[in-house]
Undergrad: 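Right, I'll just put the structure down here and ask away after.
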Amino acid sequence: MRRLGRWLRRAILLLLVVILGLLSPVAYVETMCGPVAGDPSDYQPLVSADWHRPEGRTLLTYPEWHIVHAYDDYAEVIRTGDPHDFAFLPSISTFWGSLCALSKSSGGHGGFPWETKQMVYTIGVSFTAELLLKATYEETLGRITTWIRGPTRAPLDDLSARQASAYADFLTQIPWYKWDFQSDRFALQTAAGGGFRDQERRIALGLEYGAKSGYAGIIAAAVAGVGEDALRMHVVVTGMTPDALSQLPDVTVIGPQGIGTEIDTPRYRAFTDLARDIAAKGGAFLDIAGNDDILFTLITPDPTYPGALHSFARQGNPGYRHLVMVKVADLAGTIRDLPDGAALEHIHDY
């Protein structure tokens, strides 16, 4: 009994160490990345109050997208390589590093709404735990199975790469917990050959997909209890006629608003595509969800970009990602005037 008690105490101590380790980045952001005071804004929103969203949320939407980008990077790495080729720890550190930079920048934009910040911390800790677990396995047992396999990829190496790419694309518009992990798990079982690597992938990834499927069910139930985030927002555009705006995909014209036209638009990746279209047609934005500042990410071949809040190298994909804040009124012009070699990645709505 004494021996059992010692092992139980050690297990509890280890669990506490793990929990404290996972929470340490949260403590760092809270204590070392406080908002830097900015000039108070006297901006008067153009859209109706029912459609206002806190401006600080344009900053807080990035961490979720960092995870989307990380999955995309991972999918690109394993498209021709192996999971242990992915740098898991840098992917974790850039999540918290970008959140720190954004937290410091939030002072002039109303700070971070506490409810949203709690959500970001939760997904950040979950992301960190997931990548640490995956790194622990793939850098040890997973790597050993690639040595046994040899240089020729197994069928499930290619299948899992396609699944990872499809999942990353799915996340650009739909919440992760709606992905059908069980179908991926079944596909692994169906396609697995008799080789050692295939059997290892079937078991390891099958367990991973099964765990994610169970966790997704819990999250989906929780979201159902509080309601999903709004999928639409109101935007005021100038430089285009109401008829021209009504021809844009998934756009509803609400009516005149000052010198512009108020429209109802989708959010997420669809809005980024829409903003590109509006900019290309000579339009400009006057107001987005009641705000006059907005964050976007930019990909360039250079490690720095003028005025960027934070910059870092991507994995698998070439170039560097830059987090840039601009006035809503300057967004379309900025898109049109991007320097050679630069590409708009995503506009972070609210």
Side-chain angles (χ1 to χ4, degrees), residues 11-37 54 56-74 77 83-84 86-140 168 171 175-177 208 211-212 215-216 218-219 222 229 295 297 303 308-316 320-325 345-346 348:
I12 293 173
L13 179 60
L14 178 60
L15 179 61
L16 288 174
V17 170
V18 170
I19 292 173
L20 290 175
L22 289 173
L23 292 178
S24 60
V26 175
Y28 177 82
V29 172
E30 281 292 299
T31 58
M32 304 300 292
C33 308
V36 177
R57 289 192 59 170
T58 188
L59 299 167
L60 272 183
T61 58
Y62 173 76
E64 296 180 76
W65 280 90
H66 181 94
I67 296 175
V68 175
H69 300 323
Y71 285 131
D72 182 59
D73 287 350
Y74 176 75
V77 167
H84 62 255
F86 184 74
F88 293 97
L89 293 182
S91 188
I92 294 170
S93 66
T94 51
F95 174 93
W96 294 105
S98 63
L99 181 57
C100 179
L102 294 172
S103 178
K104 291 178 179 179
S105 301
S106 69
H109 307 284
F112 284 163
W114 175 243
E115 299 82 3
T116 310
K117 185 164 68 169
Q118 282 183 305
M119 180 270 294
V120 168
Y121 284 155
T122 299
I123 66 171
V125 170
S126 299
F127 175 67
T128 300
E130 177 188 349
L131 261 60
L132 287 176
L133 286 171
K134 199 168 182 65
T136 300
Y137 180 83
E138 296 294 358
E139 291 288 357
T140 53
L171 293 178
W176 75 271
Y177 54 82
E208 177 184 340
K212 286 183 175 179
Y215 188 39
I218 295 172
I219 297 300
D229 199 9
L295 178 76
T297 50
L309 304 179
H310 192 62
S311 304
F312 58 91
R314 300 199 293 169
Q315 290 193 62
Y320 295 81
R321 177 172 293 114
H322 310 280
L323 281 59
V324 183
M325 197 82 169
E345 181 182 45
H346 186 75
H348 291 267

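Numbering of residues begins at 1 and proceeds along the displayed sequence.
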Undergrad: Would you please indicate yes or no on a ring centroid separation below 6.0 angstrom for H84 and Y137?
TA: no
Undergrad: Heavy atoms only: give me the nearest P303-S311 pair and the separation to one decimal.
TA: O-CB, 3.5 Å
Undergrad: Report the distance from atom OG of S106 to atom CG of L295, rounding to the nearest 0.5 Å.
TA: 12.0 Å
Undergrad: Could you tell me which non-hydrogen atom of P113 sits nearest to which non-hydrogen atom of P54, and how far apart they are?
TA: CG-CB, 3.8 Å
Undergrad: Got a salt bridge between K134 and E130, using NZ or NE/NH1/NH2 to carboxylate O under 4.0 Å?
TA: no
Undergrad: Evaluate the criterion ring-ring contact (aromatic ring centres under 6.0 Å, His included) for residue pair Y320 and F312; output intermediate values, then yes/no.
TA: CA-CA 5 Å; Y320 295 81; F312 58 91; 9.1 Å; no
Undergrad: Indicate the ring-plane relationship of W65 and H69, choosing parallel, tilted or perpendicular according to the 30° and 60° boundaries.
TA: tilted
Undergrad: Assign the ring pair F95 / H66 to parallel, tilted or perpendicular, where the plane angle (0 to 90°) is split at 30° and 60°.
TA: perpendicular
Undergrad: Nearest heavy-atom pair of I92 and F127: which atoms, and what distance?
TA: CA-CE2, 4.3 Å
Undergrad: What orientation do Y74 and F86 show, parallel under 30°, tilted 30 to 60°, or perpendicular over 60°?
TA: perpendicular
Undergrad: Between the side chains of T58 and H109, is a donor N or O closer than 3.5 angstrom to an acceptor N or O?
TA: no
Undergrad: Less than 6.0 angstrom separating the ring centers of W176 and Y215, yes or no?
TA: yes
Undergrad: One pair to check against salt bridge (charged side-chain N to carboxylate O under 4.0 Å, His left out): K117 and E30. What are the steps and the verdict?
TA: CA-CA 10 Å; K117 185 164 68 169; E30 281 292 299; 3.0 Å; yes
Undergrad: What pair of heavy atoms forms the shortest contact from A27 to T31, and how long is it?
TA: O-OG1, 2.7 Å
Undergrad: Hey, are H310 and S98 close enough side-chain-wise for a donor-acceptor pair under 3.5 Å?
TA: no
